[in-house]
Protein chains: 2
Amino acid sequence: MKYSKQREIILKTLKAADTHLTAEDLYHKVREIIPRISLGTVYRNLNLLVEVGEIRTLQSSDSPSILYDGRGDEHCHLICTSCGKITDIDLALFTPFDLLVYDKRGFLVDDHDLVLKGTCAECLEK
Amino acid sequence: MKYSKQREIILKTLKAADTHLTAEDLYHKVREIIPRISLGTVYRNLNLLVEVGEIRTLQSSDSPSILYDGRGDEHCHLICTSCGKITDIDLALFTPFDLLVYDKRGFLVDDHDLVLKGTCAECLEK
DNA sequence: TTAATAATAGGAATGGTTACTAATTAGGGG
DNA sequence: CCCCTAATTAGTAACCATTCCTATTATTAA
């Protein structure tokens with residue numbers, strides 16, 4: 001994989017964001033730094049970065065577009081169905097589940113995609 | 001919600017299927033019973049059925065289209081990254097995890113969307 | 001420096017899903 | 001049983017996220 005300024009900025013911008021962004025979101029942010037970048041370049045690089053494990057994707061179910069997550073490591077997402085906010089939470093607790101799944105089905109787990117929907121602390125107070 | 005033959009057949013066909021189907025898959029299956037049904041009708045009814053909790057959706061990450069699942073109850077999906085097969089597995093074990101999330105973040109969980117990726121028993125044998 | 005090739009911008013094409021409209025159908029009240 | 005009203009439908013056009021295509025530009029190894 002050859003170096004490209006576009007890819008570097010895309011990755012840096014995504015990692016710097018505190019939220020999960022669509023390709024379009026990122027496109028607009030990166031355009032402030034590289035005004036002539038194309039949307040296709042953003043998509044192509046996001047796909048590449050997912051492939052090499054630098055970033056991850058998730059689907060927010062109430063938006064049709066893919067969300068990109070600057071974290072490459074496995075973690076879980078909490079989606080508040082009231083305000084729509086998506087937050088990360090670590091999961092260092094899955095080993096027992098994986099073992100159980102293997103015992104029951106002979107299925108060897110190597111990746112988790114866990115989304116919990118509910119109400120966040122702030123919305124609960126109201 | 002008024003009765004419609006189209007909706008009844010769509011639901012019955014999905015529940016009878018042993019796999020997870022796209023709207024297009026269902027459209028072709030249902031057309032064998034109602035030849036003049038339109039794809040739009042399939043989509044509209046699937047959305048309705050999801051809304052009332054009769055069925056669920058999931059995204060298979062390597063296909064862009066939504067998959068529909070005839071089960072309305074919460075359950076977990078195992079996706080084999082080798083053969084692509086998606087199987088269901090019950091999860092009656094999430095209560096401790098939900099409590100932990102509430103303790104840590106004050107987030108009140110009421111729905112789970114859990115996808116485990118890995119290798120299924122059949123593929124492991126090879 | 002040069003040659004090979006990966007990456008880019010721009011725009012066209014694709015494909016899944018939704019929106020629109022006129023015609024049809026369900027089903028409750030007279 | 002027959003209106004009446006509102007939900008539903010078929011068919012088609014529109015939409016939008018994503019991918020594909022091509023000529024040009026940038027990277028990197030020799």
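Lettering of chains follows the sequences in order, A, B, ..., and the numbering in each one begins at 1.
Contact annotation: A/Ser4 side-chain N/O to C/dT8 OP1/OP2 distance is under 4.0 Å. Residue B/Asn45 has a polar side-chain atom (N or O) positioned under 4.0 Å from OP1 or OP2 of D/dT9. At C/dT25, none of the side-chain N or O atoms of B/Gln6 fall inside 4.0 Å of OP1 or OP2 (strictly under the cut-off).
Atom CG in A/Leu48 sits about 15 Å away from atom C1' in D/dT18, given to the nearest Å. If you take CD of A/Gln59 and P of D/dC16, they are 18 Å apart, rounded to a whole angstrom. Atom P of nucleotide D/dA10 and atom CZ of B/Arg7 are separated by 12 Å, given to the nearest angstrom. Remark: P of C/dT8 and CG of A/Leu46 are 11 Å apart, rounded to the nearest angstrom. Between the C1' atom of D/dT19 and the CD1 atom of A/Ile66 lies a distance of 11 Å, rounded to the nearest Å. Separating the CG atom of A/Asn47 from the P atom of C/dT8 is a distance of 12 Å, rounded to the nearest angstrom. Following rounding to the nearest Å, A/Tyr43 (OH) and C/dT14 (C1') show an atom-to-atom distance of 13 Å. Here C/dA6 presents its C1' atom at 17 Å from CD of A/Glu8, a figure rounded to the nearest Å.
Place A/Glu24 and B/Ser38 on DNA chain D by their nearest nucleotides, and B/Ser38 ends up nearer the 5' end. The nearest heavy atom of DNA chain C to B/Lys5 and to B/Leu39 marks one nucleotide each, and the one closer to the 5' end goes with B/Leu39. For the pair B/Lys2 and A/Ser65, nearest-nucleotide mapping onto DNA chain D gives the more 5' position to B/Lys2.
Residue A/Arg44 is in base contact, counting any heavy-atom pair closer than 4.0 Å across all strands shown. Residue contacts shown for A/Ile37 are limited to sugar-phosphate atoms, with no base heavy atom under 4.0 Å away. Residue-level contact check: A/Tyr3 touches the backbone only, with heavy atoms under 4.0 Å from sugar-phosphate atoms and none from bases.
Residues B/Asp110 and A/Lys117 are not paired through a salt bridge, judged by the lack of any N-O separation under 4.0 Å between the basic side chain and the carboxylate.
Residues B/His20 and B/Asp25 bring no donor and acceptor atom of their side chains to less than 3.5 Å of each other. Counting only N and O atoms by type, the side chains of B/His77 and B/Asp69 include a donor and acceptor under 3.5 Å apart.
Rounding to the nearest 0.5 Å gives a distance of 6.0 Å between CD1 of B/Ile66 and OG1 of B/Thr57.
The closest side-chain heavy-atom distance from B/Thr22 to B/Leu26 is not below 4.5 Å.
You'll find that the side chain of B/Arg36 is closest to D/dG11, out of D/dG11, C/dG16, C/dA7.
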